[in-house]
**Student:** 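Take a look at this one; I'll ask things after.
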Amino acid sequence: MHRNTGLAGPPSLASLIASGPLSLFLDFDGTLVDLASRPDAIQVREGLNHKLTHLAGRVEGRCALVSGRPVDELRHYIGTATVGWAGSHGADIRDVGGSQIGKVPNGLHCDIESALKRFARQHGLEFEQKPHGGALHYRNSPEKGDLAHSFADDLAAEHGLRAQSGKFVAELVANDASKADAVYAFMQEAPFAGSRPYFLGDDLTDEAGFEACAQLGGVGILVGERALQKSETTAKFALPDVASVHEWLLL
């Protein structure tokens with residue numbers, strides 16, 4: 001299903017809403033907020049929580065955040081937005097009311113986490129603990145990216161996990177965790193069921209969400225650098241940056 005981009009911008013959200021029920025699945029980093037040198041250095045636009053709640057109202061509650069960050073971390077940054085939540089790459093899914101959908105995520109075994117921490121210390125990388133796994137960030141040392149991914153690949157193969165790539169990050173996750181899982185889970189629940197899903201994301205991990213939406217009659221919208229670089233993607237439309245996402249969503 002992968003193809004080159006050179007993608008046009010999406011139709012207006014108003015026109016899509018007018019054409020029938022749709023659901024919005026929104027990545028966080030690189031989509032709603034600009035990327036930063038460290039995960040905790042992001043700048044969240046003022047009033048984003050209220051704007052997301054208003055957006056969810058426009059689509060009759062069919063709006064969810066789907067991020068690699070833990071749900072509690074997303075809530076720390078966004079606050080009281082009345083949306084669905086899928087954190088940890090789809091390993092932790094909560095409905096609009098906060099109730100768990102599916103199983104609760106398990107963290108890494110302590111030996112695996114210790115190995116990641118040691119590697120990070122030895123090579124000047126940043127380790128991030130997550131409910132579903134762990135990540136090695138190398139944004140400040142991009143020349144060490146291949147080394148980080150090679151280590152993550154070997155560790156994943158040894159322990160039956162999955163290694164995945166993102167923007168300046170190598171991550172270990174459970175084999176059954178992906179953003180596609182979040183899309184499929186929400187689309188089986190009210191009020192999402194029966195709508196056309198649209199997924200906005202910027203990273204390689206968002207491709208799973210794009211593909212799930214395509215399978216369900218919707219589309220992906222690729223945001224940022226990968227769209228400008230004409231990377232391989234299953235997205236149908238593109239937006240150039242975070243500012244254009246906010247403009248398209250009328251946030």
Side-chain angles (χ1 to χ4, degrees), residues 9-10 12-14 16-17 22-99 101 128 130-131 135 137 139 166-169 179 182-183 186 191-192 195 197-203 205-206 209-210 213 218 220-227 235 237-251:
S12 72
L13 181 57
L16 293 176
I17 292 173
L22 67 84
S23 294
L24 291 172
F25 297 102
L26 309 175
D27 178 40
F28 185 62
D29 294 276
T31 300
L32 290 177
V33 298
D34 287 303
L35 297 173
S37 58
R38 304 186 320 275
D40 61 354
I42 58 169
Q43 298 293 319
V44 179
R45 297 192 181 199
E46 185 176 355
L48 182 59
N49 57 337
H50 300 300
K51 292 174 181 177
L52 286 172
T53 296
H54 177 72
L55 173 65
R58 293 183 63 204
V59 293
E60 300 178 325
R62 295 182 295 270
C63 181
L65 299 184
V66 183
S67 172
R69 291 182 185 260
V71 169
D72 289 346
E73 195 171 304
L74 290 172
R75 286 177 166 168
H76 167 75
Y77 286 112
I78 299 176
T80 57
T82 307
V83 295
W85 307 86
S88 304
H89 295 289
D92 185 6
I93 306 172
R94 321 276 183 90
D95 66 17
V96 174
S99 297
I101 299 176
E128 182 185 5
K130 296 190 175 187
H137 293 271
R139 180 170 292 276
K167 289 183 177 177
F168 300 102
V169 62
K179 293 187 177 183
V183 172
F186 277 119
F192 296 87
S195 65
Y198 283 73
F199 195 113
L200 279 72
D202 70 306
D203 210 343
T205 57
D206 296 311
F210 297 160
C213 286
I221 300 175
L222 181 60
V223 178
E225 292 178 0
R226 293 186 59 238
F237 300 113
L239 290 167
D241 50 33
V242 170
S244 64
V245 171
H246 282 251
E247 182 178 355
W248 187 75
L249 293 173
L250 300 178
L251 294 179

**Student:** Measuring only between side-chain heavy atoms, which start at C-beta, is Pro191 closer than 4.5 Å to Glu60?
**Tutor:**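 Side-chain contact under 4.5 Å: no.
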
**Student:** Walk me through whether Asp206 and Lys179 qualify under side-chain contact (heavy atoms from CB on, under 4.5 Å).
**Tutor:** CA-CA 7 Å; Asp206 296 311; Lys179 293 187 177 183; 2.7 Å; yes

**Student:** Return the minimal non-hydrogen interatomic distance between Ala238 and Pro10, and the atom names on each side.
**Tutor:**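 That would be O-CD, 3.5 Å.
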
**Student:** Are Cys213 and Val183 packed together at the side-chain level, in the sense that at least one heavy-atom pair is separated by less than 4.5 angstrom?
**Tutor:** yes

**Student:** Provide the full list of salt bridge (charged side-chain N to carboxylate O under 4.0 Å, His left out) pairs with a residue in residues 39-55, sequence neighbours left out, each pair given once.
**Tutor:** Arg38-Asp40

**Student:** When rounded to the nearest 0.5 angstrom, what is the spacing between CG in Leu250 and CG in Leu55?
**Tutor:**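 Answer rounded to 0.5 Å: 8.5 Å.
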
**Student:** Partners of Phe192 by ring-ring contact (aromatic ring centres under 6.0 Å, His included), sequence neighbours excluded?
**Tutor:** Phe25, Phe186

**Student:** Can you tell me how far CH2 of Trp85 sits from CG of Leu65, rounded to the nearest 0.5 angstrom?
**Tutor:** 5.5 Å

**Student:** Taking the basic N atoms (NZ, or NE/NH1/NH2) and the acidic carboxylate oxygens, is any pair closer than 4.0 Å for Asp202 and Arg226?
**Tutor:**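 No, this pair does not count.
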
**Student:** What distance do Phe28 atom CZ and Leu200 atom CG have between them, rounded to the nearest 0.5 Å?
**Tutor:**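 The CG atom of Leu200 is 14.5 Å from CZ of Phe28, to the nearest 0.5 Å.
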
**Student:** Sequence neighbours left out, what passes side chain to side chain donor-acceptor pair (under 3.5 Å) with Thr205? Give chain and number order.
**Tutor:**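 Partners of Thr205 under the side chain to side chain donor-acceptor pair (under 3.5 Å) test: none.
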
**Student:** Could you give the distance from OG1 (Thr31) to CD1 (Ile221), rounded to the nearest 0.5 Å?
**Tutor:** 10.5 Å

**Student:** According to side chain to side chain donor-acceptor pair (under 3.5 Å), who are the partners of Ser12, at least two apart in sequence or on a separate chain?
**Tutor:** Ser15

**Student:** Of all residues at least two apart in sequence or in a different chain, which pass the side chain to side chain donor-acceptor pair (under 3.5 Å) check with Asp72?
**Tutor:**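 Result, side chain to side chain donor-acceptor pair (under 3.5 Å) vs Asp72: none returned.
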
**Student:** When rounded to the nearest 0.5 angstrom, what is the spacing between CD in Glu73 and CD1 in Ile78?
**Tutor:**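 Reported to 0.5 Å precision, the distance equals 10.5 Å.
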
**Student:** With side-chain contact (heavy atoms from CB on, under 4.5 Å) as the test, pick out the partner of Cys63 among Leu22, Leu249, Val83.
**Tutor:** Val83

**Student:** Nearest 0.5 Å please: distance from the OH atom of Tyr77 over to the CZ atom of Arg69.
**Tutor:** 5.0 Å

**Student:** Looking only at atom types and distance, does a side-chain atom of Thr53 sit under 3.5 Å from a main-chain N or O of Thr82, one as donor and one as acceptor?
**Tutor:** yes

**Student:** Does any non-hydrogen side-chain atom of Val245 lie less than 4.5 Å from one of Leu26?
**Tutor:**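 With C-beta onward as the side chain, the pair stays apart.
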
**Student:** Going by side-chain hydrogen bond (donor to acceptor under 3.5 Å, both in side chains), name the pairs with one or both residues in residues 240-251, residues two or more places apart or in two chains.
**Tutor:** Asp241-Ser244

